[in-house]
Every structure is written in structure tokens, then in C-alpha cells.
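Scroll down for the structure; my scribbles are underneath it.
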Amino acid sequence: MQFNVLTLFPEMFMSLQESIIGKATEKGIIDINLINIRDFSKNKHKKVDDTPYGGGAGMVMMPDVVYDAYNSIIAKSKCNEKIRTIYMSPQGKKLDQKKVEDLAKQNHLIILCGHYEGIDQRVLDKIVDEEVSIGDYVLTGGEIPAMVLIDSVSRYVEGVLNKESIKEESFSNGLLEYPQYTRPEVFEGKKVPDILLSGNHQNIDKWRKQKSLEITKSKRPDLLLK
């Protein structure tokens, strides 16, 4: 799967070279293509923003620069279908498990990261298919939300993770995950639950399902209502 990221700060994405996503990139399962929007500025100072019409605080990213950066991806794409373009925005639909699994079915995505006071609405209307938010709060730019989206979606791309790991984690079945334990068997006087040491996998599965329900009821009762 290829993620094409339009950003003013490509260096922020270097952290994705680590851990599971980094390994998937090395294997060629995931490809993160970073496009610096500033490279498409026609201004000698590489200016990409200007003051908003109508007045107001801050600066707005100019439409032509963003559009040229977007078209650089389209021109090089060998994809026969329109590439789904996502704008990371606090005004978008909140990212959830269903959206993550839906996006993981795509072969290519374009992710647009805004900055400053945002991006000229005209180019958003022209190229963006949907806006996605990671929560009801505002960040300085779309880079961190884009990394959240890439990380969460990549985990559901075929070959990145073991299928069993995905099947039993939080939200995969609408519930939160059961508690996990490892060695040592006793830590600070607290022992691993006996059921997990029994070797009876049928009883362990029942225990885990029960704990999953209890934890969901305690921490996220809204999930049970769904």
C-alpha cells in the first residue's frame, strides 16, 4: 500500500521508519511517499501562505502550491482509478476502527496535511474526497494526525501483522481488549491469574471474553450501547 503525504514538514515522518511500520516499509508492503509542498512554490523565498481575505489572524496556505504538489502525484501514478485523497482536519469525521479497516482496503492514499490557519477552500473542494479528524481538539498541523492514520491503517494491510493479533485487539470486535500478562509469574507480590497458567485454552478464551466485557463496561460503556 502506498501513502502519498503532502506536507510542509516531511522530516516529521522519520519516526515511521521505526518498529512495525519501518519493517513493513523495508519489506515493500508499505510505501510512504513524502511530498514537500514547499518545493512547488514559485516564490523565490519558497512562500506557501498568505494573509486571509476578509482579515483575521494567521496565514492561509495558497491553493496553487497545494494543487501543483497534488498533481505531481497524479502525474506519476500508475493507478487507473482516482486516488482517494484525505485532508487531516478537526472538522472531519472522527477516525475509528471502521474507518481504519475501510482505508486499509485501498492500494493508494493521498494524505494532505494543513498548517497555519488552514488551506484555501477552493483547492480542498477540488481535490479532497473526505476530511478525517483524530479528535475534537486542534493541533499545529496535520502531520501528527497523518502519522496516526498511517500507523493505524498500516496494521490492517495484509502482511504487516499476524492476523490473530489484529483479531483480538481492542475495537476489532467492538470491545476493549482483555488484560495481558507475561513473565515473571509473580511481580511485586501479585501473581498472574491462575486460569492463564492452566493450559485449558477453552477456559482461557471464556475468561478473556468475560474480562473484555468487564473492562469495556468499566472504561467505555458507550461501546456496549453500540
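Just so it is clear, the values below take in all heavy atoms, side chains as well, and ignore hydrogens, waters and symmetry mates.
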With a 4.5 Å heavy-atom cut-off, do [X] and [Y] have their side chains touching?
X: Ile134; Y: Leu149; answer: no
X: Met14; Y: Leu34; answer: yes
X: His115; Y: Val48; answer: no
X: Leu16; Y: Thr25; answer: no
X: Met59; Y: Lys47; answer: yes
X: Ile127; Y: Val66; answer: yes
X: Leu196; Y: Ile204; answer: yes
X: Leu175; Y: Leu224; answer: yes

Would [X] end up clustered with [Y] when hydrophobic side chains under 4.5 Å apart are linked, directly or stepwise?
X: Val5; Y: Met1; answer: yes
X: Ile29; Y: Val100; answer: yes
X: Val148; Y: Val138; answer: no
X: Tyr87; Y: Val60; answer: no
X: Tyr53; Y: Tyr116; answer: no

Quick check: closest heavy atoms across [X] and [Y], and the distance to 0.1 Å?
X: Val192; Y: Pro184; answer: CG2-O, 4.2 Å
X: Ile119; Y: Leu124; answer: O-CD1, 3.7 Å
X: Gly174; Y: Leu223; answer: O-CB, 3.7 Å
X: Leu176; Y: Lys219; answer: CD1-CB, 3.9 Å
X: Thr85; Y: Tyr70; answer: OG1-CE1, 3.5 Å
X: Ile83; Y: Ser77; answer: CD1-OG, 3.4 Å

Using only atom types and a distance under 3.5 Å, with no angle test, would you say the side chain of [X] pairs donor to acceptor with the backbone of [Y]?
X: Thr216; Y: Ser212; value: yes
X: Asn4; Y: Leu109; value: yes
X: Ser198; Y: Ile195; value: yes
X: Ser72; Y: Ala69; value: yes

Can you confirm whether more than 12 heavy atoms, excluding those of [X], are under 6.0 Å from its [atom1] atom?
X: Lys191; atom1: NZ; result: yes
X: Glu11; atom1: CD; result: yes
X: Tyr181; atom1: OH; result: yes
X: Lys23; atom1: NZ; result: no
X: Lys46; atom1: NZ; result: yes

Got a salt bridge between [X] and [Y], using NZ or NE/NH1/NH2 to carboxylate O under 4.0 Å?
X: Asp120; Y: Arg122; value: yes
X: Glu214; Y: Lys217; value: no
X: Asp96; Y: Lys93; value: no

What's the separation between atom [atom1] in [X] and atom [atom2] in [Y], rounded to the nearest 0.5 Å?
X: Thr7; Y: Ile35; atom1: OG1; atom2: CD1; answer: 9.5 Å
X: Ser218; Y: Lys211; atom1: OG; atom2: NZ; answer: 11.0 Å
X: Leu95; Y: Ser133; atom1: CG; atom2: OG; answer: 8.5 Å
X: Tyr178; Y: Lys209; atom1: OH; atom2: NZ; answer: 11.0 Å
X: Leu8; Y: Glu143; atom1: CG; atom2: CD; answer: 6.5 Å
X: Ser154; Y: Phe3; atom1: OG; atom2: CZ; answer: 3.5 Å

- Query: Between Asp68 and Lys42, does a side chain to side chain contact (heavy atoms under 4.5 Å, CB included) hold up when you go through it step by step?
  - Reply: CA-CA 10 Å; Asp68 288 347; Lys42 298 177 180 66; 2.6 Å; yes

- Candidate pair Ile73 and His108, rule side chain to side chain contact (heavy atoms under 4.5 Å, CB included), full reasoning: CA-CA 11 Å; Ile73 299 171; His108 298 80; over 6 Å; no

- Message: For Ile150 and Met147: C-alpha separation, side-chain torsions, deciding distance, then whether side chain to side chain contact (heavy atoms under 4.5 Å, CB included) applies.
- Response: CA-CA 5 Å; Ile150 292 170; Met147 284 187 271; 5.5 Å; no

- Task: Go through the steps for Glu130 and Arg84 under the test side chain to side chain contact (heavy atoms under 4.5 Å, CB included), then give the verdict.
- Result: CA-CA 8 Å; Glu130 62 179 315; Arg84 197 164 172 178; 2.8 Å; yes

